[in-house]
Student: 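What follows is a single structure, and I will ask about it in a moment.
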2 protein chains.
Amino acid sequence: MEKENLMNAVVADVTARRKGGRKTGGFTLRDVAKLAGVAPITASRALNTPDAVSAKVLQKVQAAVAQTGYVPNLLAGALASQKSRLVAAVVPTLSGPMFLETVEALTDTLAGAGYQVMLGQSGYENSREDALLDAIIGRRPDGIVLTGITRSPQARRRLLASGIPVVETWDLTPTPVDMLVGFSHEKIGAAVAQYLHAKGKKRVAAISGDDERSRRRATAFSEAAVRLGMALPQETDIPACLVTAPTTLGNGRSGLRELLQRAPDIDAVFCSSDLLALGLMIEAQASGIAIPRQLAVIGLGDLSFSRDLQPPLTTVRIDGTAIGSTAARFIIARSEGKSVAEPICDLGFTIIERASV
Amino acid sequence: MEKENLMNAVVADVTARRKGGRKTGGFTLRDVAKLAGVAPITASRALNTPDAVSAKVLQKVQAAVAQTGYVPNLLAGALASQKSRLVAAVVPTLSGPMFLETVEALTDTLAGAGYQVMLGQSGYENSREDALLDAIIGRRPDGIVLTGITRSPQARRRLLASGIPVVETWDLTPTPVDMLVGFSHEKIGAAVAQYLHAKGKKRVAAISGDDERSRRRATAFSEAAVRLGMALPQETDIPACLVTAPTTLGNGRSGLRELLQRAPDIDAVFCSSDLLALGLMIEAQASGIAIPRQLAVIGLGDLSFSRDLQPPLTTVRIDGTAIGSTAARFIIARSEGKSVAEPICDLGFTIIERASV
DNA sequence: TTGAAAGCGCTAACAC
DNA sequence: GTGTTAGCGCTTTCAA
């Protein structure tokens with residue numbers, strides 16, 4: 001049979017290639033094309049732009065693909081077309097559950113458009129960031145999504161020089177490297193102070209991770225609190241209790257203990273994450289402090305568990321999913337040659353009122 | 001000056017390339033080589049195997065790199081060398097915090113060896129898995145790390161045919177596709193039953209996510225419980241209370257309520273995740289049930305918060321970090337041409353005794 | 001609608 | 001130690 005002979009010939013080709021020098025992979029587009037009796041470029045078109053070939057050719061190519069189990073080499077395609085369909089995402093760490101939603105939404109939205117996400121962890125100190133950036137740029141992704149804004153001029157220059165679309169997230173700045181999807185940490189701090197003040201709180205404090213963004217929220221919170229005439233713990237210059245990032249439940253417990261020593265009469269605490277807030281609630285319960293009657297708590301993140309706590313946790317909701325999917329859309333648009341009309345996007349935040357305040 | 005002329009010439013080259021047809025990227029290895037006055041391959045060696053070139057050449061190439069800001073195109077390198085230094089990781093979802101540690105350890109360990117991680121989310125139903133697999137294989141990663149074992153024969157065949165090293169994780173099977181790093185869910189179920197029995201518990205139940213692995217743990221738990229003479233809730237055939245995966249704190253609360261209706265006299269509950277256990281503890285506290293006096297709880301995962309709960313949570317510890325770093329080592333070894341001596345690795349588990357039982 | 005030629009930017013293999 | 005040659009597997013451009 002003709003068809004069998006062809007297949008045998010192609011298999012022989014592959015085997016020969018494997019032996020002769022480099023042990024190169026399996027079937028290639030050329031093999032598929034040969035089997036289908038067309039030129040490689042035609043097979044390529046059948047796979048990438050099926051509308052551009054005749055029904056007959058399409059069918060023959062599809063048959064050849066099925067027969068061989070051919071999977072296109074996207075590396076080669078990327079090299080030739082200058083489109084890698086790869087997007088890099090850089091987070092400080094995965095384990096603070098804050099960025100998870102964003103990475104998840106990013107991955108899902110991009111996967112729907114045929115892109116894959118490459119993950120990078122920078123750590124909270126930006127030391128590894130430069131090396132990471134080179135590793136990323138070297139792969140020529142179609143986009144880079146960064147958590148936080150880029151401070152190092154070195155990194156900014158490299159990003160700019162690469163010409164790769166960049167989305168900075170989880171923060172706001174008038175001078176982004178390229179595009180931006182975030183919200184204002186300062187406004188959150190101020191809004192929380194205002195909220196607690198409106199609820200009649202008089203002596204407030206913050207338990208805050210000591211990463212840069214949390215500190216800015218805590219500072220804004222303290223300044224607004226003072227402006228509104230609320231009292232802060234006085235024993236120290238720092239108006240907040242700082243714990244190491246990423247924040248944990250244990251930090252929340254020890255944070256409350258420390259806070260109560262410094263200022264036993266506080267009536268509200270702003271925690272820089274819901275996990276901290278949960279720790280605080282557990283510690284409060286263990287020490288017989290009633291929430292919200294004796295002490296009000298407000299967290300940040302609106303993690304999935306927050307609504308189900310006892311009492312349900314009042315918190316600042318940040319829509320991590322929207323950040324991820326917006327960033328994905330920005331990158332996809334750019335990568336398809338469209339320019340993004342409004343490349344700076346403030347997604348804001350919402351204070352979710354529940355029973356803990 | 002000679003040097004400046006050279007640089008100008010090279011820049012002119014790049015500009016010409018950009019105009020003439022394809023708007024190709026920035027500096028290439030050829031430009032760097034030209035600037036350094038050596039052949040491209042020599043520049044390549046200076047970058048990849050610095051020991052293989054003279055000090056003089058090395059210095060000249062490094063100068064040229066610094067001058068141009070050249071970042072090697074790893075896509076092209078991968079195509080030529082058949083080594084992508086990319087590893088794919090597939091998880092059902094990122095948001096159950098169980099797999100986070102694994103992904104984190106994988107990313108970190110691989111980054112140390114110059115590899116990047118590509119992330120894929122398969123969802124708990126394996127429908128998207130086949131498409132995802134093709135997208136992954138198409139990028140010719142040097143390794144694929146899967147969460148769970150691969151059941152679909154279709155997927156197994158494709159993985160095998162690809163010739164890419166595969167590590168299946170978070171489970172055990174005598175017939176892995178390739179390599180395996182995991183533990184036995186059946187043994188966990190049995191061990192927990194045994195543990196509760198040893199603690200004098202008589203009427204036990206399980207609250208379990210309804211994903212495949214959790215169900216197997218719950219089943220093994222129930223069977224062992226019966227064998228040991230403990231009572232299970234009787235109203236239903238299912239010996240456990242199933243909640244939708246991924247498990248949440250809210251599920252834990254509602255799970256306990258449901259369980260208490262069916263069997264008000266239970267004295268111990270095995271939760272398929274620490275998050276469920278936390279929900280159960282919160283619900284118990286809200287209903288005035290004392291833990292562990294009236295009801296003992298054991299979770300699974302030993303998440304970072306578990307030790308800090310009130311009471312601290314007894315749980316089954318699974319070393320997600322070890323799974324990730326072992327998988328990474330397996331892949332690195334393979335990808336360096338070494339064969340992995342013992343490619344099936346049972347990392348086991350530990351019951352961490354705390355106060356909740 | 002299809003194809004031939006010419007690369008994408010790099011490295012393996014084999015000289016020198 | 002360094003260079004020459006010839007691809008890796010695909011897509012672009014241009015011609016038929």
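Sequence lines set the chain letters: A, B, ... in the order given, protein chains first and strands last, and positions in each chain run from 1. Note that the structure is a prediction, hence the values are computed from the model and not measured.
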Student: Taking CZ from A:Arg85 and P from D:dC10, how many angstroms apart are they, rounded to a whole number?
Tutor: 16 Å
Student: Students often get this wrong, so: under 4.0 angstrom with heavy atoms, is A:Pro72 touching a base, only sugar-phosphate, or nothing?
Tutor: sugar-phosphate
Student: Might you point out which heavy atoms bring A:Ala105 and A:Ser325 nearest each other, and give the distance in Å?
Tutor: CB-N, 3.9 Å
Student: Round to the nearest Å and state the distance from B:Phe27 atom CZ to C:dC10 atom C1'.
Tutor: 18 Å
Student: Take B:Tyr115 and B:Ser335 through the test side-chain contact (heavy atoms from CB on, under 4.5 Å) and record every step on the way to the result.
Tutor: CA-CA 11 Å; B:Tyr115 294 74; B:Ser335 141; 2.5 Å; yes
Student: On DNA chain C, check which nucleotide each of A:Val57 and A:Arg140 is closest to and give me the residue with the more 5' one.
Tutor: A:Val57
Student: Does A:Ala64 offer a backbone N or O that forms a donor-acceptor pair with the side chain of A:Thr68 under 3.5 Å?
Tutor: yes
Student: Specify the separation, in whole Å, of atom CG of A:Asn73 and atom P of D:dG7.
Tutor: 18 Å
Student: Is it true that a side-chain atom of A:Ser122 and a backbone atom of A:Glu129 form a donor plus acceptor pair closer than 3.5 Å?
Tutor: no
Student: What's the closest nucleotide to the A:Ile41 side chain, out of C:dC10, D:dC10, C:dG3?
Tutor: C:dG3
Student: Please confirm whether the backbone N or O of A:Ala113 pairs with a side-chain atom of A:Arg85, one donor and one acceptor, at under 3.5 Å?
Tutor: yes
Student: Residues from residues 46-55 of chain A sitting under 4.0 Å of DNA chain C, heavy atoms only?
Tutor: A:Val53, A:Ser54
Student: Closest to the B:Ser81 side chain: D:dT11, C:dT11, C:dC10?
Tutor: C:dT11
Student: Under 3.5 Å, is there a donor-acceptor pair between the side chain of B:Thr49 and the main chain of B:Ala52?
Tutor: no
Student: Rounded to whole angstrom units, what separation is found between the CG atom of B:Leu58 and the P atom of D:dT2?
Tutor: 10 Å
Student: To the nearest angstrom, how far is A:Lys60 atom NZ from C:dT1 atom C1'?
Tutor: 13 Å
Student: Please name all residues satisfying ring-ring contact (aromatic ring centres under 6.0 Å, His included) with A:Phe330, sequence neighbours left out, ordered by chain then number.
Tutor: none
Student: Between C:dT11 atom C1' and B:Leu79 atom CG, what is the distance in whole Å?
Tutor: 10 Å
Student: Mind calculating the distance between CG (A:Leu74) and P (D:dC10) to the nearest angstrom?
Tutor: 9 Å
Student: What is the distance, to the nearest angstrom, from the CD atom on A:Gln82 to the P atom on D:dT11?
Tutor: 13 Å
Student: Do the side-chain N or O atoms of A:Thr42 get closer than 4.0 angstrom to the phosphate oxygens (OP1, OP2) of C:dT2?
Tutor: no
Student: Can you check whether B:Ser44 has a side-chain N or O nearer than 4.0 Å to OP1 or OP2 of C:dT11?
Tutor: yes
Student: Measure from the side-chain heavy atoms of A:Arg45 and tell me the nearest of C:dA12, C:dG3, D:dG3.
Tutor: C:dG3
